[in-house]
Amino acid sequence: MDEFNFDTLAVRAGSLRTEFNEHSEALFLTSSFCFASAAEAAKSFANSTEGNYTYSRFANPSVDMFQRRLAALEGGEVCVATASGMSAIMAAVMGVLQAGDHLVSSRSIFGSTINMFSTLFSRFGIQTTFVDLTDHQAWQNAVRPETKMFFLETPSNPLTEIADLKKIGDIAKAANALLVVDNCLCTPALQQPLKLGADLVVHSATKYLDGQGRVLGGAIVGSKALMQEKIFPFVRNAGPTLSAFNAWVLLKGMETLTVRLERQSKNALTLAQWLLTQPVVDQVFYPGLPSHPQYELAQRQQRAGGALLSFEVKGATPEAKRANAWRLIDETRLCSITGNLGDTRTTITHPATTTHSRISPQARAAAGITEGLIRLAVGLEHSDDLQQDLARGLGK
Ligand SMILES: *Cc1c(COP(=O)(O)O)cnc(C)c1O
């Protein structure tokens, strides 16, 4: 399938057909697989190569199809699926690092990832230093002899800062550390980090890979050596396995990934440009705007700006900003008030009191999450309708 373009891979890569010649990929809801004899069972259990099915915690054909398709889309050799985005990140860290190792991470990452790095992994002897995503000197300065991994998201959520993957990848390489990129926001439809210097890509498939807000899922993609020696043994034994049903839903979601992200990026750009002209809006954060501080880098690194944008509403005090932000959210009738993103339906969120409420006020301030900040994960509705929905609250 290597010779095909991305759009073709998104609908066709990874499919496995059974003896019944079904056109749509089959759903294998089975926890285990049978053998013709005791000897066959023994042979199968001794071998863990692809296409060898014993038990669905180890391998399942529906999950394999999802893994094969996502590996093809990311341009990676092997993908291992997990039950959620968080378990993908857990597997990337637990599969590769051990007590005494050190992690350098961007500070602008998903809230649960910050909590997992700072409180959970530290209990197991893995220390994390958080740095500013765009400060290359800070990444360099954080390196210690025991540093084994760099971790980042680009664009960051919710402020859409862009990491220079090539530059940070070079710093990681010189430090003998692996660069792990959470590619949740762009998906491979807009950016392929493995081609730019990342060693592993992790996903919350819950977001744009599903695309319709139905199931949880996650994945890790990387080289055959890294995936087979480090990541797969962890997932197989620890068990944060993706369910066959969720894999099948995600496989269907990926068929429309390119068209969704193109249209959602277009809608997001239209809204971002309009928000810029609103007197009560202080700042708009969107990589597709020429006013974005890393516009050039985003143009080089991403195929489009993506579906996520955020903006700050004005207010004399933090309390006033929060009240204005909450009022705007409450005035919407179309946008869904929810913490999720990656859906065909636009979602609106107040990060300071939801997605980022569990991190300390200091960490929140350092991450730039102010009380006036609103995050919009733009969906597939008509942009005129979305504009009207936001205009109601902005006018008051
Ligand atoms: C949602 C999200 C996660 C966590 O994924 P789950 O599927 O909810 O476990 C990780 N990283 C990013 C960037 C996310 O948006």
Side-chain angles (χ1 to χ4, degrees), residues 63 66 70 74 79-94 103 105-118 120-121 128 130 133 150-163 165 180-191 193 198 200-221 235 238-243 245-247 249-250 253-254 261 264 268 285 287 302 306-310 336 338-343 347-349 351 354-359 367 369 375-379:
V63 176
F66 165 75
L70 185 56
E74 285 289 1
C79 168
V80 170
T82 58
S84 65
M86 290 318 300
S87 54
I89 298 167
M90 175 181 72
V93 174
M94 302 278 273
L103 183 72
S105 172
S106 160
R107 167 178 297 139
S108 308
I109 55 172
F110 191 64
S112 292
T113 314
I114 292 185
N115 286 339
M116 186 160 73
F117 287 176
S118 57
L120 179 75
F121 289 141
T128 302
F130 291 99
L133 179 66
F150 280 21
F151 185 95
L152 62 84
E153 289 171 23
T154 180
S156 68
N157 169 12
L159 293 176
T160 75
E161 296 164 289
I162 309 286
L165 289 174
V180 182
V181 174
D182 184 333
N183 200 25
C184 169
L185 284 199
C186 271
T187 83
L190 302 186
Q191 159 180 288
L200 290 173
V201 161
V202 293
H203 271 284
S204 170
T206 314
K207 312 293 168 50
Y208 294 98
L209 298 186
D210 174 7
Q212 289 156 81
R214 299 166 295 191
V215 298
L216 294 181
I220 310 125
V221 189
V235 174
T241 314
L242 181 64
S243 80
F245 179 77
N246 288 5
V249 172
L250 294 168
M254 283 196 289
L261 275 153
Q264 286 175 245
F285 304 92
Q302 303 180 193
L308 188 118
L309 67 91
S310 59
S336 310
T338 171
N340 196 28
L341 60 91
D343 205 291
T347 66
I348 192 164
T349 313
T354 59
T355 54
H356 291 67
S357 64
R358 284 160 164 276
I359 59 172
I369 314 292
R375 185 190 79 187
L376 213 55
V378 181

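Nothing here was measured: the structure is a model prediction, and the numbers come from that model. Ligands are counted one by one from 1 in listed order, and the atoms in each one are counted from 1 as well.
When the options Val202, Ile89, Leu70 are evaluated for a side chain to side chain contact (heavy atoms under 4.5 Å, CB included) with Ile220, the one that passes is Val202. Partner Leu185 forms a side chain to side chain contact (heavy atoms under 4.5 Å, CB included) with one of Asn157, Thr160, Leu261 and no other, that one being Asn157.
Ala307 pairs by the side chain to side chain contact (heavy atoms under 4.5 Å, CB included) definition with Tyr208, Gln264, not counting sequence neighbours. The side chain to side chain contact (heavy atoms under 4.5 Å, CB included) check on Ser156 picks up Ser108, Leu133, Leu159, Glu161, with sequence neighbours excluded. Residues that satisfy the side-chain hydrogen bond (donor to acceptor under 3.5 Å, both in side chains) test with Ser84, not counting sequence neighbours, are Ser87.
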Tabulate distances under 3.5 Å between N/O atoms of ligand 1 and N/O atoms of the protein, writing both atom names on each line.
unit_1   : atom_1 : unit_2 : atom_2 : d
ligand 1 : 5 (O)  : Ser204 : OG     : 2.9
ligand 1 : 7 (O)  : Gly85  : N      : 2.8
ligand 1 : 7 (O)  : Ser204 : OG     : 2.9
ligand 1 : 7 (O)  : Thr206 : OG1    : 2.6
ligand 1 : 9 (O)  : Gly85  : N      : 3.1
ligand 1 : 9 (O)  : Met86  : N      : 2.9
ligand 1 : 11 (N) : Asp182 : OD2    : 2.7
ligand 1 : 15 (O) : Lys207 : NZ     : 2.7

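With rounding to the nearest 0.5 Å, the separation of CG in Asn183 from OG1 in Thr154 is 8.5 Å.
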